[in-house]
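Data block below; observations after.
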Amino acid sequence: MNDLHEHLVKGRKVEMLMWGDRLLDAKAMSYSKWEASENGTAAAADLIPHDVIICDWHYERRATYPSIPYLLKKGFRVWPAGWHDDQAAEALLDYSAAQNDQRILGYLSTTWGKVPLDRLDTFEPTQLAARKLGVGRAIRSTQPTSGSVGSDGHLS
């Protein structure tokens, strides 16, 4: 991971992002084995550069998301990520905003094929985030510059 960081961030001068699930201890966070680690990889949070943006995904509605303040305390910028459940997305957005920390980078709306590319601007969790964050329409659909969009609206 650190070699890749060296190549991307220092060598290529780009931002590096990574999913945060393996940096979290499932038992300590009361997360599932999918949302967090059960095999000891959580200790890696202390071994990676803090300029990496951690995409902290949560797809279920919860009262709290302890990974958000945990990752902030570790010194990371955090990009909370939700999926298709509107109530879960809203809970994650509200909890993240309540941290009142500039290192919360908004909301990463994952779609995982739930919506065709030409309909991204209609995906309700993205629209919800746009309304809550005050940015108008979250996405304007555009055709990709490479690849092609099939009749089902997915990139091929």
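Any value given below was found using the heavy atoms of this structure, including those in side chains, with hydrogens, waters and symmetry copies removed.
Using a 4.5 Å cut-off on side-chain heavy atoms (C-beta onward), Leu92 and Tyr107 make contact. Between Leu23 and Ile54, the closest side-chain pair of non-hydrogen atoms falls below 4.5 Å. In this structure, Ile104 and Leu72 have side chains that are in contact, with non-hydrogen atoms separated by less than 4.5 Å. The shortest side-chain heavy-atom distance between Tyr65 and Pro80 does not fall under the 4.5 Å cut-off. Counting only heavy atoms from C-beta outward, the side chains of Tyr31 and Ser37 never approach each other to under 4.5 Å.
In this structure, the side chain of Thr111 does not engage the main chain of Lys114 through any donor-acceptor pair within 3.5 Å. The backbone N or O of Trp34 lies less than 3.5 Å from a partner atom in the side chain of Ser32, making a donor-acceptor pair. The main-chain N or O of Val52 is never found under 3.5 Å from a side-chain atom of Arg77 such that the two would form a donor-acceptor pair. Remark: the backbone N or O of Gly82 is paired with a side-chain donor or acceptor of Thr110 at under 3.5 angstrom. When atom types are taken as modelled, the side chain of Arg62 and the backbone of Thr64 share a donor-acceptor pair closer than 3.5 angstrom.
Between atom NZ of residue Lys73 and atom CZ of residue Arg103 there is a gap of 11.5 Å, rounded to the nearest 0.5 Å. The structure places OG1 of Thr126 at 9.0 Å from CG of Leu128, a figure rounded to the nearest 0.5 Å. How far NZ of Lys74 is from CG of Asp46: 3.5 Å, rounded to the nearest 0.5 Å. To the nearest 0.5 Å, atoms NE2 (His5) and NZ (Lys10) are separated by 6.5 Å. Rounded to the nearest 0.5 angstrom, Met29 CE and Asp25 CG are separated by 7.0 Å.
Judged by distance alone, the side chains of His58 and Ser67 do bring a donor and an acceptor atom under 3.5 Å apart. Between the side chains of Trp57 and Asp21, at least one donor N or O sits under 3.5 Å from an acceptor N or O. Tyr59 and Trp112 share a donor-acceptor pair across their side chains, judged by distance under 3.5 Å alone.
Taking hydrophobic clusters as Ile, Leu, Val, Met, Phe, Trp and Tyr residues chained together by side-chain heavy-atom distances below 4.5 Å, Trp19 shares a cluster with Trp79. Linking ILVMFWY side-chain heavy atoms closer than 4.5 Å, directly or via other members, places Leu17 and Val78 in two distinct hydrophobic clusters.
A side-chain contact (heavy atoms from CB on, under 4.5 Å) with Phe76 is found for one member of Ile53, Asp56, Ile48 and no other, namely Ile48.
Note on Lys27 versus Glu38: no salt bridge recorded, every NZ/NE/NH1/NH2 to OD/OE distance being 4.0 Å or above. Between Glu124 and Arg131 there is a salt bridge, since at least one side-chain N of the basic residue sits less than 4.0 Å from a carboxylate O of the acidic one. With salt bridges taken as basic N to acidic carboxylate O contacts below 4.0 Å, one links Asp94 and Lys132. Salt-bridge formation is not detected for the pair Arg61/Asp85: no Lys NZ or Arg NE/NH1/NH2 atom is positioned less than 4.0 Å from an Asp or Glu carboxylate oxygen.
Ala36 approaches Arg22 most closely through the heavy-atom pair O-NH2, 3.0 Å. Nearest heavy-atom pair, Asp121 versus Asp118, reported as atom, atom and distance to 0.1 Å: OD1-O, 4.3 Å.
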Full working for side chain to side chain contact (heavy atoms under 4.5 Å, CB included) between Met18 and Met1:
CA-CA 10 Å; Met18 68 178 284; Met1 192 335 237; 4.1 Å; yes

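With a 6.0 Å radius and a threshold of 12 heavy atoms from other residues, nucleotides or ligands, Asn100 has its CG atom at or below the threshold.
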